[in-house]
Amino acid sequence: MSAVQPARRIALDVILAVRESDAYANLLLPVRLQRAKLSEADAGLATELTYGTLRRQGYYDAVIALAAGRPVDKIDPAILDVLRLACHQLLSMRVAQHAAVDESVQLAKTVGSNSATGFVNGVLRTITRTPAAEWHERALDSAKNADERLAIAYSHPVWIIRAFRSALAAEGRAAELDALLEADNVAPRVSVVALPGESTVSELDAYAAAYSPVGAVLDGGDPLQLEAVRAGRARVQDEGSQLAALALSRVRPIVAGERWLDLCAGPGGKAALLAAEARVGGATLIANEVVPARAELVRNALAVFEPAPEVWELDGTTVGDDHADEFDRILIDAPCTGLGALRRRPEARWRKSPRDVAHLSGLQSNLLNAAITALKPGGVLAYVTCSPHLAESKVIVEGAVKKWGAAIERIDTPAVLATITDAELDLGPTNGPPAQHAQLWPHRHGTDAMFIQLISKV
């Protein structure tokens with residue numbers, strides 16, 4: 001019996017945990033790698049196996065169904081995970097076929113019966129007898145319609161493809177759909193933010209970010225190798241998230257004594273950037289997070305500051321009840337489906353459903369209305385989601401405008417960002433009047449698909 005390479009074992013363990021326990025691969029995998037003390041090469045292999053398998057799961061399922069002669073929902077889930085992991089090696093990596101097959105059979109023995117092990121061996125031998133390019137064509141030909149073909153080709157659920165098409169079409173750019181889906185399947189480079197007043201981009205051994213004046217991008221490697229990151233003076237943070245926070249902090253000059261609120265602060269990335277900006281300008285930030293465990297993450301994120309900003313644990317939808325007209329600036333980084341961050345959280349595409357959108361949209365509306373109540377007249381808030389889904393972004397803002405009427409005004413967010421960014425942002429729409437919101441995209445900007453709308457209270 002051949003031994004299973006640790007990288008494959010760890011990859012399968014993480015993939016199993018993602019499916020069985022709703023674990024987050026981006027949180028669990030680093031812990032497993034650290035415990036295993038793998039070499040840099042083996043850690044890289046485990047990372048590629050894990051993320052690649054999760055990212056391309058939809059395509060591999062189409063191939064497995066053809067090779068097995070049965071729908072994947074008729075296959076034991078743990079055995080299906082083994083087959084998916086093997087498919088990534090056989091169809092998308094330069095891995096010796098015998099190694100991929102033999103070790104996958106050994107992995108199957110740890111999660112299934114003897115008959116299941118024979119089944120895995122048979123399916124994988126079938127896959128190895130046909131070139132990867134031919135499997136790709138056969139999988140595409142199994143699609144029942146054009147959207148299902150896109151779903152197989154780019155490994156996204158059909159409902160997400162349709163939501164992305166609608167969001168792009170709202171900008172007159174539906175033709176960019178393939179480019180967006182392809183960008184979602186490319187691992188993002190590591191982005192770092194140098195917290196103003198604590199660190200500078202020039203002291204980081206990294207490239208300056210394309211847009212964020214406080215951002216940098218690493219070529220590779222562990223960001224903890226940077227002293228500023230180890231010390232908490234710089235943080236790993238997507239450039240889109242940086243721009244969302246900066247849009248609020250730099251929409252107008254800060255007046256000393258201002259009170260700011262980060263309403264949905266967990267896990268604390270944007271709160272740290274806002275806290276740094278507030279300190280530089282003489283303002284005070286309060287962070288709020290209703291979930292106690294996430295509130296603790298926020299406290300940890302803010303511990304670098306002395307004194308550290310206060311962290312509340314309130315239900316954000318009630319903040320207007322006791323704190324009406326209290327804050328000069330409020331960030332609502334609303335809980336959402338996270339469809340804008342599928343590059344870094346590939347499993348999210350298989351976890352979410354249209355029902356999640358319907359559930360979250362009510363919460364998003366309630367949070368925005370509560371924030372408007374808590375905002376001082378003349379104050380500014382930023383409504384932000386890491387989702388381009390229209391029902392989580394534009395529709396929520398339009399609902400608030402309809403409810404509040406002349407009491408609030410949308411601020412030209414693209415114009416604000418133009419005063420902040422180091423390079424021009426290509427923002428839609430191109431098929432009508434200029435947009436008041438900003439929608440960032442992975443394929444166009446290299447960021448998560450962040451939606452940002454600045455709103456002032458009259």
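No hydrogens, no waters, no symmetry mates; every other heavy atom, side chains included, goes into these values. Heads up: numbering here begins at 1 and tracks the sequence.
Looking at Arg138, its side chain never comes within 3.5 Å of a backbone N or O of Val63 through a donor-acceptor pair. Side chain of Asn288 to backbone of Leu261: no donor-acceptor contact under 3.5 angstrom is found. With hydrogens and angles ignored, the 3.5 Å screen pairs no side-chain donor or acceptor of Arg235 with any backbone N or O of Val192. Judged by distance alone, the side chain of Thr421 and the main-chain N or O of Tyr211 form no donor-acceptor pair under 3.5 Å. Formation of a donor-acceptor pair under 3.5 Å by the Thr413 side chain with backbone atoms of Ala438 is not found in this model. No donor-acceptor distance shorter than 3.5 angstrom exists from the side chain of His359 to the backbone of Arg355, with no hydrogens or angles considered. Proximity of a side-chain donor or acceptor of Glu103 to a complementary backbone N or O of Gln5 within less than 3.5 Å is detected. No donor-acceptor distance shorter than 3.5 angstrom exists from the side chain of Asp448 to the backbone of Met450, with no hydrogens or angles considered. Glu239 places a side-chain N or O within 3.5 Å of a backbone atom of Ser212 that can act as its donor or acceptor partner. A donor-acceptor distance shorter than 3.5 angstrom exists from the side chain of Ser155 to the backbone of Gly58, with no hydrogens or angles considered.
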Would Leu33 and Arg35 satisfy side-chain contact (heavy atoms from CB on, under 4.5 Å), going step by step from the backbone distance to the final call? CA-CA 5 Å; Leu33 293 177; Arg35 287 178 185 166; over 6 Å; no
Arg8 vs Gln106, side chain to side chain donor-acceptor pair (under 3.5 Å): CA-CA, chis, key distance, verdict: CA-CA 11 Å; Arg8 290 186 173 95; Gln106 296 304 321; over 6 Å; no
Please test Arg299 against Glu310 for salt bridge (Lys or Arg N to Asp or Glu O under 4.0 Å), starting from the C-alpha separation and ending with a verdict. CA-CA 8 Å; Arg299 292 187 181 95; Glu310 186 178 359; over 6 Å; no
Test salt bridge (Lys or Arg N to Asp or Glu O under 4.0 Å) on Arg173 and Asp426; report intermediate values, then the result. CA-CA 12 Å; Arg173 296 186 175 190; Asp426 178 13; 2.8 Å; yes
I'd like to know whether Phe119 forms a side-chain contact (heavy atoms from CB on, under 4.5 Å) with Ile79, so could you lay out the CA-CA distance, the side-chain angles of the two residues, the decisive distance to 0.1 Å, and finally the verdict. CA-CA 9 Å; Phe119 171 71; Ile79 291 299; 4.1 Å; yes
Give the C-alpha distance, both sets of side-chain angles, the deciding distance and a yes or no for salt bridge (Lys or Arg N to Asp or Glu O under 4.0 Å) between Arg349 and Asp184. CA-CA 10 Å; Arg349 71 187 76 184; Asp184 265 354; 5.4 Å; no
Stepwise side chain to side chain donor-acceptor pair (under 3.5 Å) test for His443 and Glu176: CA-CA 8 Å; His443 67 290; Glu176 296 180 9; 2.6 Å; yes
Tell me, with the steps shown, if Leu180 and Arg444 meet side-chain contact (heavy atoms from CB on, under 4.5 Å). CA-CA 8 Å; Leu180 169 59; Arg444 204 184 302 158; over 6 Å; no
Please report the C-alpha distance between Tyr154 and Asp178 in whole Å, then the side-chain angles of each, then the deciding distance to 0.1 Å, and finally whether the side chain to side chain donor-acceptor pair (under 3.5 Å) criterion is met. CA-CA 8 Å; Tyr154 294 109; Asp178 286 65; 3.0 Å; yes
Can you check side-chain contact (heavy atoms from CB on, under 4.5 Å) on Lys376 and Phe327, steps first, answer last? CA-CA 5 Å; Lys376 285 182 182 179; Phe327 294 98; 5.8 Å; no
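Ion pairing of Arg162 with Asp147 is present here, as a side-chain N (NZ or NE/NH1/NH2) and a carboxylate O approach within less than 4.0 Å. A salt bridge links Asp238 with Arg343: at least one charged nitrogen is closer than 4.0 Å to a carboxylate oxygen. With respect to Asp356 and Arg351, no salt bridge is recorded, no charged nitrogen being found less than 4.0 Å from a carboxylate O.
For the residue pair Thr110 and Arg9, a side-chain donor N or O sits within less than 3.5 Å of a side-chain acceptor on the partner. In the model, Ser387 has no side-chain atom that pairs as donor or acceptor with a side-chain atom of Thr385 under 3.5 Å. Glu392 and Thr337 share a donor-acceptor pair across their side chains, judged by distance under 3.5 Å alone. With no hydrogens or angles considered, a side-chain donor-acceptor pair links Trp441 and Glu171 at under 3.5 Å.
In this structure, Leu381 and Ile408 have side chains that are not in contact, with every pair of non-hydrogen atoms separated by 4.5 Å or more. Taking the side chain as every heavy atom from C-beta outward, Tyr383 and Leu367 never approach each other to under 4.5 Å.
Of all heavy-atom pairs spanning Ser104 and Gln89, the tightest one is OG-NE2, 4.3 Å. Closest approach of Ala23 and Leu28 over heavy atoms only: CB-CD2, 4.1 Å. Annotation for Leu49 and Ala11: closest pair CB-CB, 3.7 Å, computed over non-hydrogen atoms.
For an aromatic pair to be called close, the ring centres must be under 6.0 Å apart, and His156 with Trp350 fails this.
For residues 44-76, the ring-ring contact (aromatic ring centres under 6.0 Å, His included) pairs, not counting sequence neighbours, are Tyr59-His136, Tyr60-His88.
With Leu331 as the partner, the side-chain contact (heavy atoms from CB on, under 4.5 Å) test is satisfied by one option alone out of Val380, Leu273, Val384: Val384. A side-chain contact (heavy atoms from CB on, under 4.5 Å) with Ser191 is found for exactly one of Val217, Leu218, Thr447, namely Val217.
The CG atom of Asp61 sits 11.0 Å away from atom CG of Leu66, with the distance rounded to the nearest 0.5 Å. Considering CG of Leu390 and NZ of Lys394, their distance stands at 6.0 Å, rounded to 0.5 Å.
Relative ring orientation between Trp159 and His389 is described as tilted, the plane-to-plane angle lying within the 30° to 60° band.
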